[in-house]
Amino acid sequence: MFWKYGLFFSILSGGIWGIFWQIFFTVVGILTLGTPLSLELSQIMIIGPLAGILYIKSQKFLSIKFHLTAIIVITFLIFVSHLGNPYQAEDENRLIIFMLTLLTSFFIWVSLNHSLYNLSPGKLSKHDIESFFIKFMWGIGLIILILITLIPFYIMIMTSLKNQQSLILNPLDLSVNLNTDFKTLFNSYIELFTNFNFHLFLINSFIVSCTTVIITLFFSIPGAYALARLRIPNKKIFSGTVILIYLIPSIVLIIPLYAVFSYIGLRNSLFGLILVYPATTIPVALYMLRGYFSALSSEIDDAALMDGLSRIQIILKIAIPLSKPAIVSVGLYVFMIAWNEFLIAFMFLDDPSIFTLSRGIMSLNSSEIPQQHLMAGAVIATIPVMIIFLYLEKFLISGLSAGGVKG
Amino acid sequence: MTNIKKKNKNTLLEKEKKLGLILLLPTILIVFSVVIFPLLANFWISFKPVSLGDLRPPKLIVKERIKGKLSNKNQLAEIQYSYRNSSIKYDLENVIIKDTIPNGFTVKDLHPAQFCKIKLKELTCNLNNVSSRSSGKIIIKIHKNDQWQKELDNPKKTKPLVTFSSKNVLTSFEFNTENFKKVFSASEFFEVLKVSFYYTIFGTAGALLVGLLAAQILQKSFRGRSIVRGLLLFPYVSPVIAVAFAWVILFDPFSGIVNSMLVQMNVIDKPINFFGQKYTDIIIFGYVFKFPLALSMVIAFEIWRYFPLSFLFILARMQSFPEEVYDAAKIDGASPLQQFYYISLPFLIGIMSILFLLRFIWTFNKFDDIFLLTGGNAGTRTFTVNVYEQAFAISNLGAGAAVAVVIFIFLLTFSLFFMRYSKKETF
């Protein structure tokens, strides 16, 4: 059977990688040049498989020199098959087109080098075929996964740096002209901070989120300790209720909260938010911390009790210092929930001077305010979370995996 | 001897119990007041015809005015109280207006005399009922007496005190099932039910599958793996409002990149309104299918945003696998797919079913994402969006609360199912 031979797989993967990278770099080209490029796949459908055959047939004498030659040959083939002008671009963009083609060939070859490595052109066992497929899918899967994850963020940042005219003239042109000065480039951000009170929103968000973290930890640490260590009647029911409460979404509570808070005049205030947020986060924190505290060995506590420490002292001097990383994780997780919260802020806050970031961005969502302002707002809201995430990834990940089924 | 020991132990236990409850008390109080109480209040509201306007309590607006300027020559003046019931719906009962007349005046005439009395400079007007939207006037004729001093005696110095009672739908004991009838009989109820379950099932399953794939990909060690792992969590940790609007702009029919790209590459002839179009026709072998476009887009967003979570859990579980099992399987000649199917999958099935149930509950409860992407239009209205739509867009709080009750009942069913199931599985 022909499909059991390595040669067949080299042709197949050559074709698929060829099409994949051709599409990819056409899109990249359109986005960097901002001019229409045409996508032609028929040529690459022949060149790709040829490259595959070339790779698998020459596996015995692979060297850096050979790799380079192969890439140049593929580039040459692409140019020739398109009669010297792949993508049907205008003449002035020759250099970029050449670079794109070179990159296409380079990535086709690298991909082939990954998925066909050590594959013999002859008949393959079932095991080899499966290994090939898994390797091949792994590569494609990884790239697609990263692309899909990052594209919306890329769009967010790039749109925020454009101006209105260029967005309407050519939505495809996402290139950023680095020659423009700082003021025009970051115009939307400057605008948001000077005319739209974003500095206030940023401060409000910080106040609300930090207070929520403090209140949450203040109440949930002793509570979690009590649930983990002390002999309380009906402990199981308590724990069960905590989980159940933590599953109740705010949309179910929003109508009565709205009504009651309107009545007592707390609705349009940051204080109202600070009252509601901890109530939604304390059960999560309690649930997470209880797990951590139970994992600490109880002998230390017993020893401390013998030495005459009270339970409160044990919490302060033993439980908290020992579970510092856990507390940081929980704190970060709660911060993230409070920072990202939308519904309650949206329903509660009417007065623009006390908007949080989520609420403030929502107010930018109107047809009168240009898109790039909206995206700049989105970037401003995302950056603090990202900074925390990048610096304290380890903590946040453990926080997420401990209580992260919420959200 | 044993008796004493027992007693000691008991007091220690008692003490512990007490301390435990004290430590938990603030949590219980806060959670009760912001979660349990609203939950009960929601049931309460759902049986009442409450609209958004009812939240503004009815008020009697009273304005005090003085006619005629008092001077050494002019002895006479008039105090006028004009009052008005601000509510357009509710009557006010037992309305009493009180005010103090300064010492420098003597009251000559009162109008309406049947309601008002003067006792020791203390004016009391018992107006009984003021029906909705009605208004009236109280006129008091005064003249100054010997004690009058120009600077001190201003009748406006004391503000009139108003007390009244009014019927309030929120606190009254009138109930009816009108809201539920409305919710269940609406033609859209089954549509909403269908959309909710489509969204929940496909969103949860999709996120779980992509998460499983991502975990498989990231299980293999390669250079930059930890960076990629961090990157993949971005959608989940960023604010929903930021990423939802990024998607909206990405797929915008006028200036969105996806549309212009597809038009540019001649894949489509006209831009598609991805988040605003209920159905699009897809032709496969000559058959025309109605594909629910907006709903699918919302589901895609859900998958994109929440696959990192499943990915994180599954990866954590996979990294705790005993490596030897795989080695043994390799020696026995198991192919990679067989290893996945017979070793990894059975290992993962427990965590995956727990994840599915929990995520199912959370996806069912999801509001922000759909609300921001489509506003619940174009065939994407789930129960949660319907709560908002009824309560705040149509301003019928009662109907909104009734939908919230429906959500809560579903939620309770799912959670009981989850509790029962998760007991069997180790989480």
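Bear in mind the structure is a predicted one, so any value in this text is a computation, not a measurement. Just so it is clear: chains get the letters A, B, ... in the order the sequence lines come, proteins before strands, and each one is counted from 1.
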Nearest 0.5 angstrom please: [X] [atom1] to [Y] [atom2], how far?
{"X": "B/L372", "Y": "A/N365", "atom1": "CG", "atom2": "CG", "answer": "8.0 Å"}
{"X": "A/L247", "Y": "B/F364", "atom1": "CG", "atom2": "CZ", "answer": "13.0 Å"}
{"X": "B/S415", "Y": "A/I248", "atom1": "OG", "atom2": "CD1", "answer": "8.5 Å"}
{"X": "A/I255", "Y": "B/N42", "atom1": "CD1", "atom2": "CG", "answer": "6.0 Å"}

Subject >> Between B/L232, B/L40, B/L231, B/V385, the one whose heavy-atom pairs under 4.5 Å with chain A are most numerous >> reply: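 Among B/L232, B/L40, B/L231, B/V385, the one with the most close pairs to chain A is B/L232.
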
Subject >> Residue selection (most heavy-atom pairs with chain A, distance under 4.5 Å) from B/Q338, B/E16, B/Q216, B/K17 >> reply: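 Of the candidates given, the most pairs with chain A belong to B/E16.
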
In terms of heavy-atom proximity below 4.5 Å to chain A, should [X] be classed as side chain, backbone, both, or neither?
{"X": "B/A334", "value": "backbone"}
{"X": "B/V35", "value": "both"}
{"X": "B/L213", "value": "neither"}
{"X": "B/F340", "value": "neither"}
{"X": "B/I22", "value": "neither"}

Subject >> Neighbour count >12 (heavy atoms, 6.0 Å) for atom CD1, B/I227 >> reply: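 Counting neighbours around CD1 of B/I227, 12 or fewer heavy atoms of other residues, nucleotides or ligands fall under 6.0 Å, so no.
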
Original post:
What is the ring orientation for B/F371 with A/F342, classed by angle as parallel under 30°, tilted 30 to 60°, or perpendicular over 60°?
Top reply: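 Tilted.
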
